[in-house]
Amino acid sequence: MASPAGCQRRRPPAAAARAVLGWYGAVIRTILAGEGFDSVRGGGVMGLGIGRSIGAAVAASLPAARSQAGLWLPVLLGAGIALYFAMPVEPPLWPALAAVAVFALLLAVARRRAWAWAPLLAALAVAVGFLLAQGRSQLVAAPVLTRDLGPVAVEARVERVERSGGGRRLWLGEATVERLAPAATPRRLRIQLRSLEPAVAPGDRVRLLAGLRPPPGPATPGAYDFARRAWFLQLGAVGFAYGDLERLSEADAESAAGPLARLAAWREGVRQRIAERVLAVLPGERGAVAAALMVGERGAIPERRLEELRDSGLAHLLAISGLHLGLAAGAVFFALRAGLAAVPALALTRPIKKWAAAAALAAAFVYLQLAGASVTAQRAFVMVGLVLLAVLLDRTAISLRLVAWAAVAVLALAPESLVSASFQLSFAAVVALVAAWEAWRRQRERRRAGPRGDSPWLRPLGYLAALSFTSLIAGLATAPFAAFHFNRLALYGLVANLLAVPLAAFLVMPAALLALLLMPLGLDAPFLWLLGQGVGAILWVAGWVAGWPGAVALIPAMPAWGLAAVVLGGLWLCLWRPAALRLLGLPLLCVGLLSPWSMAPPDLLVAEDGRLLAVREADGRLALSSKRRARFVAEQWLRRSAVEMAHAWPAPAVSAGDPGAAFVGAGTGGVAARRLRCDGYGCLYRHPRGLVALPVDPMALAEDCRAARLLVTLLSVPRACREGREAPALIVDRWSLWREGGHAIRLAESGIEVATTRAARGERPWVRRAARPRLPPWERAEDPEPGIATEGSAAAATAEEAAPGRPALGESAAAKPRSQ
C-alpha cells in the first residue's frame, strides 16, 4: 500500500541497521583513515547540524592525525585491562579467548575494507588487553590466608630483607606454617620484625613465631586495595614476629629452587649489602635517602622526611625513574665514548658511538636489577633502552612512539601495573613532557627558519628555562593522579624542583654512580660522603619549601569516572598533533578535574572490624571514635575527606541532667561537635536528615530501634528490631560488617545511600571469602559455629570492647543513665 502524501516509508530493520553501520564506518574512516567529510556527509552527519566550518577545520587536520593513530595502541590495551579490573565478578577465561579469536579472524577477512579495519583493530586491542590482565591474574594465583592465625611457628626461606623504621620486614618463601596444610600455605609471607638482630640475608632459612592475617582490603569503598596488589605479588599473608627469629642455615646456591630463584636471591643479597654499606658510611636520614636513590630501599627513611618530600613535590626523586636511569646510562655512554675517541685508530675506523650505546644499555640493565625492577624502573629502562637502540639503528631517539612502545612492553609484562600509582604518575609525566618537547621543537625549528633565528641573549638562560618548563609540565600532568591516589597537591613543587633537580643531576647521581663502581674496591667512602652532602641539601630544600604557608592543598576523593575522564582528556590533548583535534580533549579534562567536588562526602564511616567509627560534624570535619586503634584506616578516612585534623570523640555525659558535658572532647579546648553526644550506653548522632543511634549496650537497643532512622552497632540486632513501622531504615550490625566489610553511609534527601567495600570490590580472586556461612543465626537453622569471632574479627572486637567499662564506640568508661 502506498504511503500517505508527505510521509516517508519506514525503513526495514535490516536497511536501518545497514544505514547505521554505514554511517559509523564513515565516521571511523574519517577519523582514523584520514578521508574527507564528504563520505560522512553521505551518512547523514552534516544533516545532524554540524557546521561546514568545523567539518572543514577537522578534515584539514585529519591527514596529520592519521600518522598519530598508532599511538593509541597502548591506550586500547589499557582500556581492556581497566575493563577487567572494573568487572564486578571474575569472568571465565573462554569469553576473552573467543573475543580475541573472533576479532582476529574478522580483521583478517576485512583487511581490504578500510572502514572495517580500524574499528576491528581497536576492538582486538581491547580484547587482548582484557585477556592479558585475566591471564596474568590466573597465572599468579596462589593460596591466600582466609582468617587470622597465630601465634604459629613459621619456617621459611628469606627472599628479601627491607628496613622498616627501627626494625626489618622479611619477605619469606617456601614456607611451612603450623596448623596449615601445604595446599593452603601462602606462597609468600611478609613478616615485620622489631629489631635488626640477628642479621639475615636473602637465601637464609629461618624459623620464627608469628601472628598472620590476610592482606588487608581497602579502608573505605574506592580506597587503595592492598589485597589486590598482594594477589599479583603472590603475597598470601602479612604479620609480625613474636620475639627473635632463629637462623637455621645460611644462603646456599644449591638449596634454592631453580636458577631464577638463585638469581633473585643473589640480586637481593647484592642490594642488601649495598644498602648496609651506605647506611654504615652515612648513618641517619641521609644514608636512608641515599640507599633509596641507589637501590630503591626506602624503608629506613623517617616518616617526617617522607612527608616533607611529598609536600614539597620532591617525592619523585626517591623513585628509580628516568632521571636516575638516564643519568646512569648517560654517564656510561659519554664517558666510554670520550675514552674511545681519545684513541684515533678506533675513533676513525670503528663505530664507537654504537659501542658506547651498547655498554650504556648493559649498565642500565644492571641498575634496573639493583633498583628492584619496580614499575617506574621498568618504564625507565624500556625508554632508555629504546633510545640507545635508536642510536644503534641510527633512528630518532625521543618520540611519542617510543613512549607508546614502552607502555606496551610494561602492560604486556605486568598488566596489573595499570592501576598502580607509580605507572600512572610515571607515564603521565613522560607523555606530557615528550608531547610538549615535540611541540617546542617544531616551534623552535620554525623560528630558526625565520630571518631572525635564536637570540644570543637567551642562550645563557636556556637551561633554567628548560628546567622550569620541564618541572611545570610534569607537575601539571601528574597533579590529577596525585590528587586521586594521595588527595594532596604540592603547590610549590616548581620552586622545589628548580632548586633540587640540579643537585640531583650534577651532584647526587654522579656521586652515587661512582660510589657503586668503586664499592667492590673499597674506595667508595669519599663519594658516599659527597652523596650525603647532596642529599642533605635536597632534604633542606624539601623541609624549607614544605614549611611555607599553604604548601599543600587537600583534595577530596576523586571518583573512578573522574580519573577516566582525566586520562582520556589528557591523552587526547597530548597524542593528537593537529590543534583542531587536540583541543577537543580540554572539556573532558576539565570535567575530570572538577569531579572531586561533584559528590557529597559520606556522613558515617565504619571500619570493617567495627573497631573504628567516624561521623561528619556540621563544620565538615570528622569525629573519630578512637585515635589509637586502626590508625592507618583513620588516616585514609581523613585524607580522602580532605581533612587535616579530626574532632575528638565526645566524652560521656556525667549525668542525665548535665547534657553540656556530652559535647566536651579531650584536646578540643571547648565545644567539639554539636551533632554527637554520648553516654554509657552508646552515642546519638543528630543529623538534619535523621537520628543515628550508635549503641554499645544491649539495654539501649529496644529504645534505639524505635527512635533511630539508622542504627550502627557491633551487637547482634534481633529480628524484632528489623520489623514494624518504627524499625530503622537501615541497620548495620556485626553481621553486616562481617558480610559486606566497611561501610560509607550518606544521609541524603532522597534516602540513605550506602557503599560497602565488598560491593565496591566485587567477587574477585583477591577478595577474601568468608570461611563460615554468611547468614546470621536467625536466618539459619543451625547455631553459629564456635569460634566465629576469630573469622571476621567483628565479634572478637565486640567481646573485647563492649565488655563492662569498655564500650566499643565512644570509649566511655562507665555506664550512665541514657538520655536522648
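Looking at D225 and R761, a side-chain N of the basic residue comes within less than 4.0 Å of a carboxylate O on the acidic one, giving a salt bridge. R207 and E246 are joined by a salt bridge, as a carboxylate oxygen and a charged side-chain nitrogen come within less than 4.0 angstrom of each other. Electrostatic pairing of E174 and R188 does not count as a salt bridge here, judged by no charged N lying under 4.0 Å from a carboxylate O. Classification of E162 and R160 as a salt-bridged pair holds, one side-chain N sitting under 4.0 Å from a carboxylate O. Salt bridge present: R304 and E308 bring a charged side-chain N and a carboxylate O closer than 4.0 Å. A salt bridge does not link D148 with R213: none of the charged nitrogens is closer than 4.0 Å to a carboxylate oxygen.
Put simply, the side chain of S422 does not reach to within 4.5 Å of the side chain of S417, judged on heavy atoms. Counting heavy atoms from C-beta outward, L208 and D244 have side chains that stay 4.5 Å or more apart. Put simply, the side chain of V238 does not reach to within 4.5 Å of the side chain of P214, judged on heavy atoms. Side chains of V154 and L209 form no contact here, defined as non-hydrogen atoms less than 4.5 Å apart. Within the 4.5 Å cutoff, the side chain of S137 has heavy atoms near those of the W766 side chain. Put simply, the side chain of L411 reaches to within 4.5 Å of the side chain of L418, judged on heavy atoms. Looking only at side-chain heavy atoms (C-beta outward), L361 and F333 stay at 4.5 Å or farther from each other. Taking the side chain as every heavy atom from C-beta outward, L279 and E276 never approach each other to under 4.5 Å.
Not one N or O on the side chain of E307 forms a donor-acceptor pair closer than 3.5 Å with the backbone of P302.
Listed by first and then second residue, the salt bridge (charged side-chain N to carboxylate O under 4.0 Å, His left out) pairs involving residues 129-145 are R136-E416 (not counting sequence neighbours).
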I'd like to know whether L235 forms a side chain to side chain contact (heavy atoms under 4.5 Å, CB included) with W171, so could you lay out the CA-CA distance, the side-chain angles of the two residues, the decisive distance to 0.1 Å, and finally the verdict. CA-CA 9 Å; L235 179 63; W171 292 69; 4.1 Å; yes
Applying side chain to side chain contact (heavy atoms under 4.5 Å, CB included) to L737 and D609, what does each step give before you reach the verdict? CA-CA 7 Å; L737 297 174; D609 59 1; over 6 Å; no
Could you walk me through whether R277 and D524 satisfy the salt bridge (charged side-chain N to carboxylate O under 4.0 Å, His left out) test, starting with their C-alpha distance in whole Å, then the side-chain angles of each, then the deciding distance to 0.1 Å, before giving a yes or no? CA-CA 10 Å; R277 170 62 178 171; D524 55 327; 3.0 Å; yes
Kindly determine whether F240 and Y242 satisfy ring-ring contact (aromatic ring centres under 6.0 Å, His included), including the steps that lead there. CA-CA 7 Å; F240 58 92; Y242 294 95; 5.1 Å; yes
Determine, stepwise, if the pair R169 / V161 fulfils side chain to side chain contact (heavy atoms under 4.5 Å, CB included). CA-CA 6 Å; R169 194 160 53 192; V161 181; over 6 Å; no
For a side chain to side chain contact (heavy atoms under 4.5 Å, CB included) check, start with the C-alpha distance between R764 and Y84, then their side-chain angles and the critical distance, and finish with the verdict. CA-CA 10 Å; R764 308 309 301 272; Y84 168 77; 3.1 Å; yes
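Taken to the nearest 0.5 Å, the CG atom of L531 stands 10.5 Å off from the CG atom of L514. Taken to the nearest 0.5 Å, the CG atom of L212 stands 10.5 Å off from the CZ atom of R147.
Y224 does not carry R229 over the face of its six-membered ring by the limits of under 6.0 Å from the centre and within 45° of the normal.
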